[in-house]
There are 2 protein chains.
Amino acid sequence: MGTTQLESVPEPKYWHLKTVLSDALDSEFAVGEILPNERELAARFGVARATLRQALEQLELEGRLQRRRGVGTTVAPPRMGVAVGDSEHTWPGTTADTWQTVDADEACAPAAVARLLDIDPEQSVHIVRRTRKTRGQPVAAELLYVPAASVPDLAAIDAPAGPARARAVLRELQRLRLEGRDQAVELGSARADDAKQLDRLPGSPVLLVTTRYCAQGRTAAVSVATYRADTCRLTFGGTDMQLLAG
Amino acid sequence: MGTTQLESVPEPKYWHLKTVLSDALDSEFAVGEILPNERELAARFGVARATLRQALEQLELEGRLQRRRGVGTTVAPPRMGVAVGDSEHTWPGTTADTWQTVDADEACAPAAVARLLDIDPEQSVHIVRRTRKTRGQPVAAELLYVPAASVPDLAAIDAPAGPARARAVLRELQRLRLEGRDQAVELGSARADDAKQLDRLPGSPVLLVTTRYCAQGRTAAVSVATYRADTCRLTFGGTDMQLLAG
DNA sequence: CAGTGGTCTAGACCACATA
DNA sequence: ATGTGGTCTAGACCACTGT
């Protein structure tokens with residue numbers, strides 16, 4: 001008897017669930033609206049809560065949902081376009097409108113950063129912390145690594161570690177002529193301290209943007225910026241960003 | 001009695017597990033080496049398999065591990081640097097070294113793409129499929145959307161839908177003078193068909209790169225490329241990419 | 001075939017936010 | 001105090017890959 005292949009490729013439940021929920025979000029929910037809680041949704045779809053959660057996690061990863069412990073699950077607004085690759089030739093600190101300097105101190109750079117800076121991993125560098133906000137929401141936390149050699153005129157202790165020191169480092173850095181810049185984007189998970197600044201749980205998916213600033217034929221500074229992957233779409237270059245930056 | 005705060009912030013098990021495993025990967029394992037299976041690892045650390053899996057998932061997200069069903073979990077090599085934002089002024093198809101044209105047909109573009117192209121969502125466009133390989137490994141799957149208006153000299157059916165048609169569309173596109181380009185990067189999850197091309201499971205985290213090509217004051221084409229987030233670090237611009245592209 | 005990772009269940013308890 | 005999402009368990013079965 002010719003058995004026709006039924007369900008030869010059974011789709012996982014959570015995958016099917018995800019598409020069902022996704023369609024429902026498009027048609028039946030408004031941005032900001034809160035969904036029924038997980039236990040009720042699981043019951044309504046006849047699956048275990050863990051399975052339902054697997055679907056919700058995917059939708060959150062795609063920026064469709066926002067979940068907050070103790071509060072609930074809400075429909076997320078479309079991702080914000082965040083300019084990252086514009087103004088090819090500016091030092092950090094030049095465009096202060098979106099970035100906010102937090103503080104600075106001196107410590108060793110991580111091995112990967114030391115390699116980019118081409119310095120001894122044991123050597124301590126200036127580390128400037130900054131935060132980026134867009135429309136009131138924190139979107140990125142940045143660590144800017146500046147070797148002492150890049151800011152020779154900075155009196156070592158002319159300001160105590162803190163905001164004043166941070167501004168001094170940025171000011172000195174801007175006296176160099178910027179010769180070029182390159183960037184890389186990769187997926188990461190938020191470290192505990194970054195997570196706190198971004199108002200997310202540790203381990204949340206983030207986009208890591210590594211920027212290398214070149215001057216005097218050397219790498220003068222390296223920045224590692226941690227962007228919330230759920231709420232941000234990083235935009236690069238171009239003359240006219242209106243459409244993508246919406 | 002002054003109770004000193006012990007464990008006032010109990011770290012989740014999977015988080016602690018992740019750091020332990022991460023350190024072990026650095027010190028005790030070589031790239032490509034296979035780890036003990038999940039059941040044994042869970043037993044060894046005294047946790048449920050689900051908890052162990054949560055730690056492994058994070059490490060895979062960060063590109064430290066590679067897991068394949070039926071095979072096992074192996075230590076992943078460092079991420080590949082994949083140039084995405086170089087050659088600011090080239091049409092797709094010009095640099096054929098890494099991209100491989102698959103085929104083409106005609107269909108409606110997704111709503112988001114139609115908006116970028118500034119065309120009626122019902123209008124059908126050319127869709128060219130391409131694949132990108134680096135060091136033998138598939139790293140990206142691309143859909144290139146080209147409205148008929150951008151390639152007016154293309155005889156509609158001068159080639160049947162397929163590779164020949166794809167090459168014809170690219171050839172015609174390159175006759176236009178490219179005036180600019182902008183790009184955006186965001187996190188997504190692999191659609192079923194992309195997942196197959198990328199040799200991953202559906203839903204795997206991917207980096208979506210949306211490129212808008214401008215010519216004659218209009219958006220002449222839009223490309224949506226799906227990059228494997230686990231194996232790729234996307235690199236942008238700059239004069240000298242050696243260090244970051246390693 | 002045996003062994004692997006992937007999916008799913010039905011429960012339990014915890015941390016957090018809010019009223 | 002209540003209700004939310006986050007963590008964790010101990011099992012089960014499935015899909016896939018190799019031999």
Side-chain angles (χ1 to χ4, degrees), chain A residues 5-19 21 33-61 65-76 189-190 192 195-196 199-205 230, chain B residues 5-19 21 33-61 65-76 189-190 192 195-196 199-205 230:
Chain A
Q5 69 171 42
L6 285 176
E7 293 287 344
S8 82
V9 182
E11 200 173 44
K13 275 191 191 177
Y14 78 90
W15 185 260
H16 179 245
L17 204 49
K18 185 192 118 176
T19 66
L21 285 169
E33 196 167 347
I34 65 177
L35 270 62
N37 70 53
E38 298 183 350
R39 289 160 180 88
E40 174 168 345
L41 279 177
R44 187 178 302 185
F45 287 106
V47 300
R49 182 155 78 114
T51 305
L52 186 268
R53 276 178 63 80
Q54 212 171 339
L56 293 184
E57 265 150 33
Q58 285 243 2
L59 289 170
E60 191 178 28
L61 197 80
L65 291 180
Q66 186 161 358
R67 301 192 289 171
R68 272 172 304 171
R69 166 153 53 179
V71 179
T73 301
T74 60
V75 180
S189 48
K196 191 157 295 183
D199 192 27
R200 298 254 60 197
L201 289 178
S204 316
D230 54 344
Chain B
Q5 67 172 43
L6 288 176
E7 295 286 345
S8 83
V9 183
E11 200 173 45
K13 275 191 191 178
Y14 79 91
W15 185 260
H16 179 245
L17 204 49
K18 186 193 117 176
T19 66
L21 286 169
E33 196 168 346
I34 66 177
L35 269 61
N37 71 54
E38 296 184 350
R39 289 159 179 90
E40 174 168 346
L41 279 178
R44 187 178 302 184
F45 287 105
V47 299
R49 192 177 153 221
T51 305
L52 184 269
R53 277 179 63 81
Q54 211 171 338
L56 293 184
E57 265 150 35
Q58 285 244 359
L59 289 169
E60 191 179 29
L61 196 80
L65 292 179
Q66 187 161 358
R67 300 193 288 171
R68 271 172 304 170
R69 167 154 51 180
V71 179
T73 301
T74 61
V75 180
S189 48
K196 191 157 293 181
D199 191 27
R200 299 253 59 197
L201 289 178
S204 317
D230 56 343

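Throughout, a chain's letter reflects where its sequence line sits, starting with A, and its residues are numbered from 1. Just so you know, these numbers use all the heavy atoms, side chains as well, and skip hydrogens, waters and symmetry mates.
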*Asks:* How many Å lie between CG on A/L65 and C1' on D/dG5, as a whole number?
*Replies:* 13 Å

*Asks:* Should the pair B/R200-B/E60 be classified as a salt bridge under the 4.0 Å nitrogen-to-oxygen rule?
*Replies:* yes

*Asks:* For the pair made of CZ in B/R39 and C1' in C/dG3, what is the distance, rounded to whole Å?
*Replies:*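 It works out to 8 Å between those atoms.
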
*Asks:* Output the distance between atom CG (A/D230) and atom CZ (A/R67), rounded to the nearest 0.5 Å.
*Replies:* 11.0 Å

*Asks:* Look at the side-chain N and O atoms of B/T73 and state whether any lies under 4.0 Å from the OP1 or OP2 oxygen of C/dT4.
*Replies:*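 No, outside the criterion.
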
*Asks:* May I ask you to verify if any side-chain N or O of B/R53 is less than 4.0 angstrom from the OP1 or OP2 atom of C/dG5?
*Replies:* no

*Asks:* How far apart are the C-alpha atoms of B/L201 and B/R69, what are their side-chain angles, what is the distance that settles it, and do they pass the side-chain contact (heavy atoms from CB on, under 4.5 Å) test?
*Replies:* CA-CA 10 Å; B/L201 289 178; B/R69 167 154 51 180; 3.8 Å; yes

*Asks:* Looking at every heavy atom in both A/R44 and A/P36, which two are closest together, and how far apart are they?
*Replies:*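 It is NH2-CG, 3.9 Å.
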
*Asks:* So B/L201, base contact, sugar-phosphate only, or nothing? Heavy-atom distance under 4.0 Å.
*Replies:*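 Sugar-phosphate: the residue B/L201, judged by heavy atoms under 4.0 Å, touches backbone atoms but no base.
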
*Asks:* Given B/L41, which of B/L35, B/T73, B/V47 fulfils the side chain to side chain contact (heavy atoms under 4.5 Å, CB included) condition?
*Replies:* B/L35

*Asks:* Take the protein atom NE2 of B/H16 and the nucleotide atom C1' of D/dG6, then report the distance between them rounded to whole Å.
*Replies:*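 Checked: the NE2 to C1' distance equals 19 Å.
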
*Asks:* Is there a side-chain polar atom (N or O) of A/R68 under 4.0 Å from OP1 or OP2 of C/dA17?
*Replies:* no

*Asks:* Are side-chain heavy atoms of B/R49 and B/E40 found at a separation under 4.5 Å?
*Replies:* no

*Asks:* Can you check the B/Q66 CD to C/dT4 C1' distance for me, whole Å?
*Replies:*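 Checked: the CD to C1' distance equals 15 Å.
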
*Asks:* Just to be sure I understand: a Watson-Crick pair is purine N1 to pyrimidine N3 plus N6-O4 or O6-N4, both under 3.5 Å. Using that and G-U wobbles, which stems of three or more pairs involve DNA chain D?
*Replies:* C:1-18 with D:1-18

*Asks:* A quick test of your reading: do over 12 heavy atoms of other residues, nucleotides or ligands sit less than 6.0 Å from CG of B/N37?
*Replies:* yes

*Asks:* How close or far is atom C1' of C/dG5 from atom CD of B/E57, stated in whole angstroms?
*Replies:*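 Rounding to the nearest Å, CD of B/E57 and C1' of C/dG5 are 11 Å apart.
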
*Asks:* Rounded to the nearest angstrom, tell me the gap between atom CZ in B/R67 and atom P in D/dT17.
*Replies:* 16 Å

*Asks:* Set out, line by line, the N/O atom pairs under 3.5 Å between protein and nucleotides 1-3 of chain D.
*Replies:*
| unit_1 | atom_1 | unit_2 | atom_2 | d |
| --- | --- | --- | --- | --- |
| D/dG3 | N2 | A/G70 | O | 3.3 |

*Asks:* Does any non-hydrogen side-chain atom of A/Q54 lie less than 4.5 Å from one of A/K18?
*Replies:* no

*Asks:* Got a list of protein N/O to nucleotides 8-10 of chain C N/O distances below 3.5 Å?
*Replies:*
| unit_1 | atom_1 | unit_2 | atom_2 | d |
| --- | --- | --- | --- | --- |
| C/dC8 | OP1 | A/K13 | N | 2.2 |
| C/dC8 | OP2 | A/Y14 | N | 3.2 |
| C/dT9 | OP1 | A/K13 | NZ | 2.9 |
| C/dT9 | OP2 | A/A48 | N | 2.8 |
| C/dT9 | OP2 | A/T51 | OG1 | 2.4 |

*Asks:* Nearest 0.5 Å please: distance from the CZ atom of B/R53 over to the CG atom of B/L17.
*Replies:* 13.5 Å

*Asks:* Expressed in angstrom and rounded to an integer, what is the separation of B/E38 atom CD from D/dT17 atom C1'?
*Replies:*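 One finds 15 Å between C1' of D/dT17 and CD of B/E38, rounded.
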
*Asks:* Measure CG/A/D199 against C1'/C/dC16 and give the value in whole Å, please.
*Replies:*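 Taking atom C1' of C/dC16 as the reference, CG of A/D199 is at 12 Å.
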
*Asks:* Can you tell if the side chain of A/Q58 reaches within under 4.5 Å of the side chain of A/W15, non-hydrogen atoms only?
*Replies:*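 Heavy-atom side-chain distance check passes, below 4.5 Å.
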
*Asks:* Measuring from B/L59:CG to B/L21:CG, what's the distance to the nearest 0.5 Å?
*Replies:* 6.0 Å

*Asks:* Evaluate the side-chain proximity of A/E38 to A/L56: yes if any heavy-atom separation is below 4.5 Å, no if none is.
*Replies:* yes

